[in-house]
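One structure is given below, encoded as structure tokens.
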Amino acid sequence: MTSTIPQTTVINIRPIQYRDLEDIARLAGEEVGAAESSNVVDLGQQLRQLRRWYGVLKCVSWFPNPLRSFFCAYVAEQNNQLRGLIQVSPFNRTRSTWRIDRVMVDRAADAMPSEIGSQLLRHCFQAIWEARTWLVEVNVNDKATLALYRQNGFQTLAHITYWTISPEILQVLAQREPDLPNLLPVSNADACLLYQLDTQSMPSFVRQVYDRHIADFKTSLMKAIGSGMTRWFRKTDLANGYVFESQRKAAIGYFQLQLCRDGSQPHTAQLTVHPAYTWLYPELLTQMARVTQEVPAPLQLTSTDYQPEREFSNGCRALLLICSATCRDRVSSSGKFIDSAYSSNSALLPSIAGLGEKVDGRRV
């Protein structure tokens, strides 16, 4: 009696090429069919831009510039068929922390989806040598994806909450005049103030992982050109500002808005408030509501705060996972949870209709 030993599935990991775009669009279509996601919609926009400007982007990727990592991706091939994709991007200016934007796997592949996903992750860990830490955001209810990242050394860093405010509520908020006497526009001269606000609004261990510096809050000429081209492609405008406290000579609140010009997509916002000035939440929210009145659309809000007593705590959650470069070759099946005192707000998950409406998130 002879026994047949199963052959190990050979999966080839390589950088993305132009001929892969059609197969990637097919994978994205399957993801949309499985679960509607703003990430997948954003991927479709990136693929259209990549088709049009692939030659130019390929040339500019040979030297340091803001567009160098516009679409940094690797694909998994099996029997000359594209079976998976991973897209990554640098999280900070020094490129010491990188972010996994998405991982997509063909469910019809011979190999298990977790096997392909693990090989894609480990290839990035080895290929991008400058990355000391990796970050990824995962839906708290997506058990399979959470298991994939934990098996590859990721641990839980924070809980993130996402909110969507309807145009009707924004219109009501905009009727009030915000009490912001020292609301100033943002420039490179304010980078030090914004850096101090960022460090004071998060726990020390999160600050160490993000590894941001003053340079991360400055906009170089090349970055301004790259951001302008991106906004032109996506038909968006940028509005931002910060609140200056004259006695302490410090920034105590900051907001940034990405405004959709035609209202086809929701406006997106990031909000940061100093822990000692929580009264700024309604004032800054009113200011953002007034800015969005020219083009009525829902507002998706992200708040980068980590204390439960904040105005936007509890709600639909995602997990922010972290993988240190020191554990690249270590497999871990358990994740460490951040204490609930460091829950925060953000907005990547499905939208929540209405301001103040909370959806209880389940802890894994």
Q | Pair N152-R122, side-chain contact (heavy atoms from CB on, under 4.5 Å): steps then yes or no | A | CA-CA 8 Å; N152 287 276; R122 293 189 176 275; 3.3 Å; yes
Q: Keeping the roles fixed (side chain from R99, backbone from V136), state whether a donor-acceptor pair exists under 3.5 Å.
A: no
Q | Polar side-chain atom of H213 near backbone of A215 as donor-acceptor pair, under 3.5 Å | A | no
Q.
Tell me which pairs pass salt bridge (charged side-chain N to carboxylate O under 4.0 Å, His left out) where either residue lies in residues 267-289, with sequence neighbours left out.
A. R176-E283
Q. When rounded to the nearest 0.5 angstrom, what is the spacing between OG in S246 and CD1 in I252?
A. 9.0 Å
Q) Counting only heavy atoms not in Q293, do more than 12 fall under 6.0 Å of its CD? A) yes
Q) Are L146 and I116 in one and the same hydrophobic cluster, where Ile, Leu, Val, Met, Phe, Trp and Tyr link if side-chain heavy atoms are under 4.5 Å apart? A) yes
Q) CG of D23 to CD1 of I16: how many Å apart, nearest 0.5 Å? A) 10.0 Å
Q) Counting only heavy atoms not in Q17, do more than 12 fall under 6.0 Å of its CD? A) yes
Q) How does the hydrophobic cluster around V295 look, that is, which other residues are in it when side-chain heavy atoms under 4.5 Å mark a link? A) none
Q) Does a side-chain heavy-atom distance below 4.5 Å link L301 with T164? A) no
Q | Common cluster, L194/I214, ILVMFWY with side-chain heavy-atom separation under 4.5 Å | A | yes
Q) Hey, what do you get for CG (L280) to CD (Q287), rounding to the nearest 0.5 Å? A) 11.5 Å
(Q) Give me the atom names and distance for the closest heavy-atom approach of L197 to A251. (A) CD1-O, 3.6 Å
**Q.** Student check: side-chain heavy atoms of L170 and M288 closer than 4.5 Å
**A.** no
Q: Return the minimal non-hydrogen interatomic distance between G84 and L120, and the atom names on each side.
A: C-CD1, 4.0 Å
Q. When rounded to the nearest 0.5 angstrom, what distance separates CD in Q265 from CD in Q300?
A. 8.5 Å
Q.
Hydrophobic clustering (ILVMFWY, side-chain heavy atoms < 4.5 Å, transitive) - are L284 and W279 grouped together?
A. yes
Q: Can you see which heavy atom on P167 is nearest to which on A297, and at what distance?
A: CG-C, 3.6 Å
Q. What's the shortest heavy-atom distance between C124 and V88, and which atoms?
A. SG-CG1, 4.1 Å
Q) How long is the span from the CD atom in Q119 to the CD1 atom in I11, to the nearest 0.5 Å? A) 4.0 Å
Q. What are the two closest non-hydrogen atoms of G241 and L183, and how far apart are they?
A. C-CD1, 4.2 Å
(Q) Parallel, tilted or perpendicular, judged at 30° and 60°: which one describes the rings of H123 and Y74? (A) perpendicular
Q: Mark yes or no for whether S118, through its side chain, and E115, through its backbone, hold a donor-acceptor pair below 3.5 Å.
A: no
Q.
Strictly by salt bridge (charged side-chain N to carboxylate O under 4.0 Å, His left out), give each pair with a member in residues 237-256 just once, sequence neighbours left out.
A. D237-R261
Q: Indicate if I100 and I13 have the same hydrophobic cluster label, given that clusters are the connected sets of ILVMFWY residues with side-chain heavy-atom separations under 4.5 angstrom.
A: yes
Q: Compare all side-chain heavy atoms of P178 with those of R290 and state whether any distance is below 4.5 angstrom.
A: yes
Q | Audit row: D216, Y195, side-chain hydrogen bond (donor to acceptor under 3.5 Å, both in side chains) steps and yes/no | A | CA-CA 8 Å; D216 290 286; Y195 168 71; over 6 Å; no
Q | L285 side chain near I165 side chain, heavy-atom distance below 4.5 Å | A | yes
Q) With no hydrogens and no angle check, is any side-chain donor or acceptor of N79 less than 3.5 Å from a backbone partner on Q81? A) no
**Q.** Transitive ILVMFWY side-chain link L180 to Y242, under 4.5 Å
**A.** no
Q: Please tell me if the side chains of L121 and I86 come closer than 4.5 Å, counting only heavy atoms from C-beta onward.
A: yes
Q: Apply the salt bridge (Lys or Arg N to Asp or Glu O under 4.0 Å) test between D20 and each candidate in R26, R14, R83; give the one that qualifies.
A: R14
Q) Can any side-chain N or O of W98 pair as donor or acceptor with the backbone N or O of R95 at less than 3.5 Å? A) yes
Q | D142 side-chain N/O to V138 backbone N/O, donor-acceptor pair under 3.5 Å | A | no
Q) Closest approach of Q78 and V10, non-hydrogen atoms and distance? A) CG-O, 3.9 Å
(Q) Side chains of N139 and T145, heavy atoms from C-beta outward: is any pair under 4.5 Å? (A) no
Q. Hey, mind stepping through F217 and R212 against side-chain contact (heavy atoms from CB on, under 4.5 Å) and telling me if it holds?
A. CA-CA 9 Å; F217 298 88; R212 289 172 177 158; 4.1 Å; yes
Q) Do R19 and E77 sit within salt-bridge range, that is, some charged N less than 4.0 Å from a carboxylate O? A) yes
Q) With a 3.5 Å cut-off and no angle check, do the side chains of Q151 and Y149 form a donor-acceptor pair? A) no
Q: For the residue pair L299 and P266, establish whether any side-chain heavy-atom pair is separated by less than 4.5 Å.
A: no
**Q.** Working for side-chain contact (heavy atoms from CB on, under 4.5 Å), residues N240 and L257
**A.** CA-CA 6 Å; N240 55 18; L257 272 171; over 6 Å; no
**Q.** Residues F125, W134; criterion ring-ring contact (aromatic ring centres under 6.0 Å, His included); working and verdict
**A.** CA-CA 9 Å; F125 296 163; W134 289 84; 5.5 Å; yes
Q. What distance separates H274 NE2 from Q200 CD, expressed to the nearest 0.5 Å?
A. 3.5 Å
Q.
Contact between L259 and T236 at the side-chain level, heavy atoms closer than 4.5 Å - yes or no?
A. no
Q. For V186 and Y254, what are the C-alpha separation, side-chain angles and deciding distance, and is it a side-chain contact (heavy atoms from CB on, under 4.5 Å)?
A. CA-CA 9 Å; V186 176; Y254 168 79; 3.7 Å; yes
Q.
Can you confirm whether the side chains of N92 and Y210 place a donor and an acceptor under 3.5 Å from each other?
A. no
(Q) What I want to check is whether the side chains of S96 and D211 have a donor and an acceptor closer together than 3.5 Å. (A) yes
